[in-house]
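The block underneath contains the structure these notes are about, expressed in structure tokens.
If you read the sequence from its start, that first residue is 1, and numbering goes on from there. In what follows, every heavy atom counts, from backbone to side chain, and hydrogens, waters and symmetry copies are set aside.
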Amino acid sequence: MKFPLSFLHARAWLRTALTLVPLAALAACSASPSRNILGSYFPTWMICALLGLVGAVVLRVVLGKAGIDEALPLPAVVYLCAWIAVTLAIWLLWLG
């Protein structure tokens, strides 16, 4: 059975991609980012999440004092998004 040339090229590209993608994924897992705090190693994502939670709580206090907290349509979603945004900003500033 003869296949068109484009099918053979697509099959070669697919084979190459299926070989390189797992290799790239394995190369990215060479080490986990950890920080030494008081002699114990903590995952950096956990530290960033805790700092992001503190940032979201501070934002809630500031918005509550300013009177904006009552005007928010879905406060739980707003503060969850603030927590995620602060966490990712800390991650980018610290490790970026």
(Q) Please find the pair of heavy atoms, one from C48 and one from I90, that lie closest to each other, and give the distance. (A)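 The answer is SG-CG2, 3.9 Å.
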
Answer with yes or no whether the hydrophobic clustering places [X] together with [Y]; edges join I, L, V, M, F, W, Y residues whose side-chain heavy atoms lie under 4.5 Å apart.
| X | Y | result |
| --- | --- | --- |
| I47 | V86 | yes |
| F42 | W94 | yes |
| V61 | Y79 | no |
| L95 | W45 | yes |

Q.
Using a 4.5 Å cut-off between side-chain heavy atoms of Ile, Leu, Val, Met, Phe, Trp and Tyr, which other residues end up in the same hydrophobic cluster as I84?
A.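 Other cluster members: L53, L80, W83, L88.
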
Q. Cluster partners of V57, using ILVMFWY side-chain heavy atoms under 4.5 angstrom, listed by chain and number?
A.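 Besides V57, the hydrophobic cluster comprises nothing; the residue is isolated.
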
**Q.** Point-to-point distance, once rounded to the nearest 0.5 Å, from OG1 of T44 to CG of L51
**A.**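 Answer rounded to 0.5 Å: 11.0 Å.
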
Q: List for me each residue that meets side-chain contact (heavy atoms from CB on, under 4.5 Å) alongside L38, sequence neighbours excluded, and say none if there are none.
A: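 Counting only residues at least two positions away or on another chain, L38 forms no side-chain contact (heavy atoms from CB on, under 4.5 Å).
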
